K.L.:
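One structure coming up, written as structure tokens, with questions to follow.
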Amino acid sequence: MSVVSSIQQSSIESLSALFSQPFTEKDFQVNQTKPEFEGDYTVVMFSLVKALKLSPDAIGHQLGNHLVANYPQLFSKYNIIKGFLNLSISDAYWTGVLNKNYNDTCYGKKEMNGKKVMVEYSSPNTNKPLHLGHLRNNFLGWSVAEILKANGYEVIKSCIVNDRGIHICKSMIAWQKFANGATPQSTGIKGDHFVGEYYVKFNDAYKQEVDELIAAGKTKEIAEKEAPIMKATQQMLLDWEAGKPEVIDLWKTMNGWVYEGFDVTYKRIGSDFDKIYYESNTYLLGKDIVQQGMDKKVFYQKEDSSIWIDLTADGLDEKIVQRKDGTSVYITQDIGLALQKYEQYGIDQSIYVIGNEQNYHMKVLQLICQKLGMPNADNIFHLSYGMVELTTGKMKSREGTVVDADDLVEEMVATSKQHTEELGKVKDFKEAELKELYDTIGLGAMKFYLLRVDPKKTMVFDPKESIDFHGFTGPFIQYTYARIKSILRKVEEADGASAVNHQPSAISLLPLEKELIIAAEQYPAVLEQACTEHNPSVIANYIFHLAKTFNSFYTEHSIANAESDGKKQLRLQLATFTAGIIKSGMQLLGIKVPERM
RNA sequence: GGUCUGGUAGCUCAGCUGGAUAGAGCAUCAGCCUUCUAAGCUGAGGGUCAUUGGUUCGAAUCCAAUCCAGAUCACCA
């Protein structure tokens, strides 16, 4: 049980004994004591005043006395300042926490709870390479999946590849028209980037055609509809749905190029999936459900034969689910896939990691699933994250301000190489070790930078700040870890492999020692919070705080040359404990920690 | 226009299920390496928590209104 829970429980029991009426943890707050006051945790008295008809200080004294008298192993003393009951936790309690957990690699993690969750993330389009926004999605989805696992859930990481549709046909048409048979192999360009170039070429050609039509006297609206390249693209989509062999062949070839490129990127950034869905396989499934929805009268058909759902009663609008030409729209496939996920895996919850620009879409999706009476429709959860903007404003592909994922990774790794070489601490590393270290630091910096912010919030990506390796960054934490490991290695060399194994004696704690144990003790609660909030930034902030606390302790007190053997053992345990939590927490963010750097 | 987000230090962000004098990092300034890795540590300056009103013993936090910014309301995905 956590300290906070213990304080809550003992306070509930004491209050009930003192005032012979029932209390719950909601009747009072337990906070960490502010540094300017004496004590470790504080119980706020004000909320009890009404029920007890006593002054805050009077309640505080009675409760404080009772707690110290009846829970001597937990509380050593108390003081009251203006209605705040400041409790000092005994050093024996803290050293007990340390001794029990310092070497537990599963510290903070929970037993399997029998629940199954699918986390869908990444979900790329196969018409252009990944960019900065995708990175936030990938890191977030991966991390949330791992956090769920640590909290006892069985997790299936999934990905829906948007491999068909009008946008895919655009790059196909452009390739037909402009490529002269060029391939990634013939040009030496990474497959996803290669295809992306043709998507850009489509838009350029389309814009030019529209401009020409407007110049010829057409309205903008008509010009956009009648541009030959757009008409060709629409025809291609129909041909694709009809299974026309040469279209299917080209589609397979070009998607193949993209997948080769994606594989490289995913491997580099550490994204992995248990199940990959392809839209080309799921979009027809949605059509069956459209029929069922018609039968159930959830959907209705308009005169032009397009099919709709009316959501105006729910405060939304009418939404199309099938075009008049019988082809699917995006949401149709989503409905089909939502059902398939439940049918295939029997999942208890379905999480979608998708940008907040699709809040409306996801609301509609869930509502339709509910109206169709689909099982577990209530357990669809949209993990809505904010866009990544640049210091200069939004990323716009038209203005060429999109930050490419591959480029960014290389830049970060190159920067970590440069920093590492300047510091010259690992000159004895072999080539392969150096390469691994640069990756660890560069990717660590990037992941931490994107995960340290609350996912819900729009965030600003500042290139200068992102490659800073000082302060609130991944490398700062990695460095703290490497320093601890360095100490532990040295002590082991000097004292033998079992150097850290003593039971701590009843030893009194210095402020910085206690502060570190208090921080470490909070890790399980942090993991739980990160899980319920689906929020890795909770862990990022916490691990940074822990590392900072350790660094202050480290500067002030020697571990290897502690003033007594008891202190040395205590601090070795403390260092081991801290390193373990850093490693565990960073792992949940998808960030590796180096033994040396 | 409807709906939904958000507005905290020069910049990037915590804090938001109400609690003590609102916290970090970066940047600025001043210190600390013959002793465990200075990618570190210590300290200083820096705030009308968008504005106004309300609820409360107590509001950055809850409620309302206003201002500002963004997203969305496609037979696009």
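In what follows, every chain begins at residue 1, and chains take the letters A, B, ... in the order their sequences are listed. Here the structure is a predicted model, which means the values were calculated and not measured.
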K.L.:
Can Y278(A) and W251(A) be said to form a ring-ring contact (aromatic ring centres under 6.0 Å, His included), step by step?
P.N.:
CA-CA 13 Å; Y278(A) 295 92; W251(A) 171 74; 8.9 Å; no
K.L.:
In terms of relative ring orientation, are F472(A) and F544(A) parallel, tilted or perpendicular, with 30° and 60° separating the classes?
P.N.:
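Because their plane-to-plane angle lies in the 30° to 60° range, the rings of F472(A) and F544(A) count as tilted.
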K.L.:
When you measure from the side chain of V453(A), which nucleotide among rA14(B), rC41(B), rC36(B) comes out closest?
P.N.:
rA14(B)
K.L.:
For atom P, what is the distance between rA74(B) and rU55(B), given to the nearest Å?
P.N.:
42 Å
K.L.:
side-chain hydrogen bond (donor to acceptor under 3.5 Å, both in side chains) with S280(A): which of T126(A), D163(A), N162(A)?
P.N.:
D163(A)
K.L.:
Which stems, defined as runs of 3 or more consecutive Watson-Crick or G-U wobble pairs with both pairing distances under 3.5 Å, involve RNA chain B?
P.N.:
B:1-7 with B:67-73, B:10-13 with B:23-26, B:28-32 with B:40-44, B:50-54 with B:62-66
K.L.:
In B/S/- notation, 5' to 3', how is nucleotides 16-25 of chain B contacted by protein heavy atoms closer than 4.0 Å?
P.N.:
B-SBB---SB
K.L.:
Parallel, tilted or perpendicular: which describes the rings of Y449(A) and F461(A), with under 30° parallel and over 60° perpendicular?
P.N.:
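The arrangement is perpendicular - the two ring planes meet at more than 60°.
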K.L.:
Quickly work out the N127(A) CG to rC76(B) P distance and round it to whole Å.
P.N.:
16 Å
K.L.:
Can you find a pair of side-chain heavy atoms, one from H382(A) and one from H361(A), that are under 4.5 Å apart?
P.N.:
no
K.L.:
Report yes if the side chains of L87(A) and I7(A) come closer than 4.5 Å at any heavy-atom pair, otherwise no.
P.N.:
yes
K.L.:
If stacking means aromatic ring centre less than 5.5 angstrom from the base's six-membered ring centre, planes under 30°, is Y330(A) stacked on rC76(B)?
P.N.:
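So Y330(A) does not count as stacking on the base.
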K.L.:
Between P on rU72(B) and CG on L311(A), what's the gap in Å once rounded to a whole number?
P.N.:
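Rounding to the nearest Å, CG of L311(A) and P of rU72(B) are 19 Å apart.
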K.L.:
With nearest nucleotides of RNA chain B determined for Q358(A) and L316(A) from heavy-atom distances, which residue corresponds to the more 5′ nucleotide?
P.N.:
L316(A)
K.L.:
Which pairs pass side chain to side chain donor-acceptor pair (under 3.5 Å) with one or both residues in residues 308-317 of chain A, sequence neighbours excluded?
P.N.:
S306(A)-W308(A), D310(A)-T312(A), D314(A)-K371(A), D317(A)-Y360(A)
K.L.:
In whole angstrom, give me the gap between the P atoms of rG6(B) and rA50(B).
P.N.:
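Pairwise P distance, rG6(B) against rA50(B), rounds to 13 Å.
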K.L.:
If I pick the P atom on rC26(B) and the same atom on rC41(B), what distance separates them, to the nearest angstrom?
P.N.:
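Here rC41(B) and rC26(B) have their P atoms 9 Å from each other.
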